[in-house]
Amino acid sequence: MKLNYTGSGKVFFQETEYDCDLYLNEEQGGILLKINVYRQIASYLELPLEMDFISGELSNGFRFTLLECTRTGLQHLISYGKSVFSYSVKYMIKGIGSKDINQITFNKIVFQLSDTMEWGNISGYSVGDNYELKQENEAESVLYQNDNFSVKYIVNSSMLPVSNWDLLKENITLKQSGNIEISFNEEKYIKEFEDVYKKVKRLIELSMLRTITLKKVTGWSKDNKRLIGKEEYEWPIDIISYDFFYDSLDEDIKSIRYKWICRPELIENNSFEKYFQKYETLEPVVELYLEILEARDMSPVRAFLNITQALETYHARFKANTLEDFKKRIKNVILKNRPESCHKEDTEFLMKGSKKYLTLQSRLADLLLAEFKIWFGTGDIDRLEFPRVIAKTRNYYTHYNESIKKKERILTSKELVMYNKILLYILEYYLLSELGFTDVIAIRKKLNNRWGNISESLSIQKESRKMFSKKMEENDEKSKEDEDNNTE
């Protein structure tokens, strides 16, 4: 990341002033502070390795406070008679900085997002009965709230023209943006806002099937007020952080993804409530899933390994972690409403391969049955063999043991392109279920709209290859006959 020289000035640390140089990249959130100590070889511990916060002011009057500073270098410039301590910085609070500043707290922070308007399904404008354009006064929705904080989705929009003079411009541009507003009941440090934001961001990315782009971060604090007339009002504070912007850097190369889940659906199914309750347990599964969607050049094999790991992790965290847990689940959950005549066959299918410990094959068998609530296609692999083929294929590509290939069917990289879709179909069903979606018909419709009928596509491909192969054989035979006739 390229950092630009912003200016020189003073920083205040433990009642001491130091000369400094500040380097910034506001768009990507990069911050570097260099502190000058005027000794040829200053002590390594002249300044701490880490500083919770430090405030300063540049010669042009720009004030700032830096939070979570970490030492990255120390240079002894003997010819200049000084030592330079370099620090990378996690957060910058713009416009606030003085000798007696304490740690800054906030009661509200707003994160401005890009390209979320369709997901949010709220506009700052509306069209009236006579097709006139109107400004909406309340373009917001509560996503989640508890006893400590609330999360809102808010749309900010530019004002409509309010005078005849405004209408005389050749170009009248209207803009609007979706924002996540996080408000705590009491003042909190920025880290607590960041933790909540990252959870909300993850769910939005899961809904939109792509990384979201952060444009701006603004905070409000009781300690930053301005007098307007006779009243004091909290004044917005711009915040810069690489931690906010680091995964929003390649906006131009992101592919447009299928619109999967919109905000109203999440609200209707109480998804935010369920997501916050399960976040710690669900996060590793979501991370593996999103890694597949966000990668630009992931091979079918690597994608397959990610998906199977996500399914395995999901089953261990939400269904059964140990073999003993799994046996109880079979008896008390899976077979609970099954006819007695099916118990033996179902149990054998589920327990196949699991003797001393719970295997991937058994986990996949459980997820494939889905407690008999939904039917998953398995392409041209026999349904009873599907868990075994997937498990053996995973083992082969993990260990590259050629002996496995001699005994078992191992899916090729070309085959994995289609079978990865089947596995993603299964994984997405369970993700939707954990987010509160309970209508199986609606879930199937949503998944079919996204993936189509995968088994049918496989059958068409298979028949196409057969027909093409047959046609090639016929052409070869005809060519041979022609050659024989010419020879005669």
Side-chain angles (χ1 to χ4, degrees), residues 108-146 149-160 173-183 196-218 248 251 254-276 279 282 286 289-290 293-294 428-429 431-451:
K108 179 174 72 175
I109 293 182
V110 174
F111 301 85
Q112 182 184 340
L113 311 177
S114 177
D115 300 325
T116 59
M117 293 301 300
E118 287 189 20
W119 172 85
N121 201 38
I122 297 175
S123 176
Y125 310 100
S126 63
V127 178
D129 295 336
N130 296 316
Y131 304 104
E132 73 277 14
L133 187 62
K134 300 190 295 183
Q135 193 115 28
E136 287 293 312
N137 295 324
E138 295 185 5
E140 63 179 54
S141 168
V142 176
L143 303 181
Y144 175 79
Q145 59 184 1
N146 59 25
F149 65 88
S150 65
V151 181
K152 291 182 181 179
Y153 176 76
I154 297 174
V155 174
N156 291 337
S157 54
S158 54
M159 289 185 61
L160 293 171
T173 303
L174 299 177
K175 292 185 177 181
Q176 56 184 347
S177 63
N179 302 265
I180 297 298
E181 178 190 286
I182 300 171
S183 301
V196 176
Y197 166 72
K198 285 186 173 180
K199 292 178 182 179
V200 176
K201 170 179 173 288
R202 264 298 196 224
L203 182 52
I204 297 176
E205 289 174 336
L206 181 61
S207 306
M208 298 180 68
L209 300 175
R210 66 172 177 83
T211 303
I212 60 171
T213 303
L214 184 59
K215 289 296 187 183
K216 188 178 180 182
V217 182
T218 309
S248 306
E251 183 180 5
K254 288 174 189 166
S255 59
I256 298 172
R257 300 287 188 179
Y258 182 86
K259 186 174 68 175
W260 193 30
I261 313 170
C262 291
R263 179 199 57 81
E265 290 179 285
L266 295 174
I267 298 297
E268 181 185 345
N269 290 284
N270 200 24
S271 298
F272 281 94
E273 182 80 29
K274 295 182 184 301
Y275 174 73
F276 270 87
Y279 177 79
L282 192 60
V286 173
Y289 171 71
L290 289 178
L293 300 180
E294 292 166 3
E428 289 177 1
Y429 164 78
L431 288 174
L432 287 169
S433 298
E434 296 302 332
L435 292 176
F437 288 72
T438 56
D439 187 336
V440 175
I441 295 174
I443 292 175
R444 178 174 284 285
K445 183 179 178 182
K446 182 176 285 292
L447 293 173
N448 284 343
N449 285 340
R450 174 155 153 71
W451 295 111

Can a side-chain donor-acceptor contact be found between S157 and Q135 if the only test is distance below 3.5 angstrom?
yes
Does the S271 side chain pair with the main chain of G436, one donor and one acceptor, at a distance under 3.5 Å?
no
Check: I154 main-chain N/O paired with N179 side-chain donor or acceptor under 3.5 Å:
yes
What pairs with F276 under ring-ring contact (aromatic ring centres under 6.0 Å, His included), at least two apart in sequence or on another chain?
Y144
Pairing residues for Y125 by the ring-ring contact (aromatic ring centres under 6.0 Å, His included) criterion, not counting sequence neighbours:
none
For F111 and Y197, take the angle between the two ring planes, folded into 0 to 90°, and tell me which bin it lands in: parallel under 30, tilted 30 to 60, perpendicular over 60.
parallel
Between [X] and [Y], what is the shortest heavy-atom contact and its length?
X	Y	answer
R263	N121	NH2-O, 4.0 Å
I267	V142	CD1-O, 3.6 Å
Q176	G124	OE1-N, 2.9 Å
E265	W260	OE1-O, 3.8 Å
I212	E205	N-OE2, 3.4 Å
F437	I443	O-CD1, 3.5 Å

Counting only heavy atoms not in K216 (residues, nucleotides, ligands), do more than 12 fall under 6.0 Å from its NZ?
no
Inspect the surroundings of CD in E132 and state if more than 12 heavy atoms from other residues, nucleotides or ligands are less than 6.0 Å away.
yes
Hey, does L432 have a side-chain heavy atom less than 4.5 Å from the side chain of I261?
yes
